[in-house]
Amino acid sequence: MFNNAEFKGKRVLITGASRGIGRKIALAFAEEGCYVTAVARSKEQLDDLIHTISTKGLKGTAIQCDVTLEKQVIDTVLKAQNIMGDIDILINCAGIFKVTPSVEAAFEEWNEILETNLNGTFLFCREVSRIMIKNKRGKIINFGSLLSYTGFPERAAYAASKGGVLQLSKVLGIEWAKHGINVNTLIPGMIEVETPHPVKSITKEHIINRIPNGKYGMPADVIGPTLFLASSHSDYINGQALVVDGGWLSNGYI
């Protein structure tokens with residue numbers, strides 16, 4: 001997709017890489033010539049991803065990690081640096097959501113979602129930034145959501161976590177710009193992945209009617225924008241959000 005010289009030899013750490021969008025992105029960066037460290041909780045899915053990367057003659061390794069646990073995050077970043085020799089690009093894809101009426105939501109569920117989506121993103125940003133600051137360069141892409149901007153019923157914790165990711169990326173982008181680090185947010189819209197339908201009371205057809213492009217996106221639609229934010233072509237973009245949603249967020253008609 002890009003000139004191979006752009007990414008050849010770059011070292012990339014990707015959280016949430018075992019399935020869905022994270023897996024597609026891991027494969028894409030490997031195919032661009034990067035050394036990929038894939039991070040997730042599922043060992044079986046990670047092993048399958050690395051097997052796929054290896055059979056293509058590409059470079060990748062897997063590290064099992066619970067992003068909510070600070071020590072595991074610290075150890076994972078150190079291990080990734082030791083394996084790859086450095087970390088040039090960090091992509092935070094790890095995230096969970098649950099559809100629950102707010103009045104019924106357990107505090108444990110609230111904490112689980114915030115700890116995974118927001119705390120995990122912060123911990124990896126903090127640890128990887130220490131490497132990037134020493135190197136005076138780096139690209140960080142944090143995955144937000146349409147709910148970083150707007151609200152859906154029955155997703156209070158998810159919306160709070162993804163709103164937090166957007167604001168966190170703005171702060172880190174302006175704070176670390178002097179170190180040659182770019183921190184931006186990628187906002188995917190309605191993407192076909194192996195997750196439940198977002199809101200039980202709203203049909204998929206209703207959502208498609210709101211999307212000017214007339215269809216759900218595919219994980220592949222997110223790859224190009226992610227590569228762009230990780231490339232030298234985005235060197236003057238910092239603390240910003242790139243929305244990839246087929247026009248859903250801009251559409252005020254429905």
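For this chain, numbers begin at 1 and follow the sequence in order.
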Result of checking Glu104, Glu108, Glu112 against Lys98 for salt bridge (charged side-chain N to carboxylate O under 4.0 Å, His left out): Glu112
Asn92 side chain to Thr121 side chain, donor-acceptor N/O pair below 3.5 angstrom: no
Salt bridge (charged side-chain N to carboxylate O under 4.0 Å, His left out) evaluation trace for Lys10 with Asp88: CA-CA 6 Å; Lys10 291 289 180 69; Asp88 303 300; over 6 Å; no
Short side-chain to backbone donor-acceptor contact, Thr68 and Thr116, under 3.5 Å: no
Interatomic distance, Asn117 atom CG to Ser145 atom OG [nearest 0.5 angstrom]: 9.0 Å
Evaluation steps, side chain to side chain contact (heavy atoms under 4.5 Å, CB included), between Arg126 and Ile74: CA-CA 9 Å; Arg126 187 190 70 186; Ile74 293 170; 4.2 Å; yes
Polar side chain donor-acceptor pair, Glu6 to Ser232, under 3.5 angstrom: yes
Donor-acceptor pair between Asn135 and Asp86 side chains, under 3.5 angstrom: yes
Centroid-centroid distance, Phe152 to Trp248, less than 6.0 Å: yes
Exercise: do Ser231 and Lys139 side chains pair donor with acceptor under 3.5 Å: no
Distance in Å, Phe228 CZ paired with Asn184 CG, rounded so as to fall on 0.5 Å steps: 8.5 Å
Side-chain touch Asn182/Ile140, heavy atoms, less than 4.5 angstrom: no
Salt bridge (charged side-chain N to carboxylate O under 4.0 Å, His left out) between Lys79 and Asp75, intermediate numbers included: CA-CA 6 Å; Lys79 187 174 180 180; Asp75 291 345; over 6 Å; no
Step-by-step side chain to side chain donor-acceptor pair (under 3.5 Å) determination, Thr100 to Glu109: CA-CA 9 Å; Thr100 307; Glu109 178 181 303; 2.8 Å; yes
Over 12 non-hydrogen atoms of neighbours within 6.0 angstrom of NE2 in His179: yes
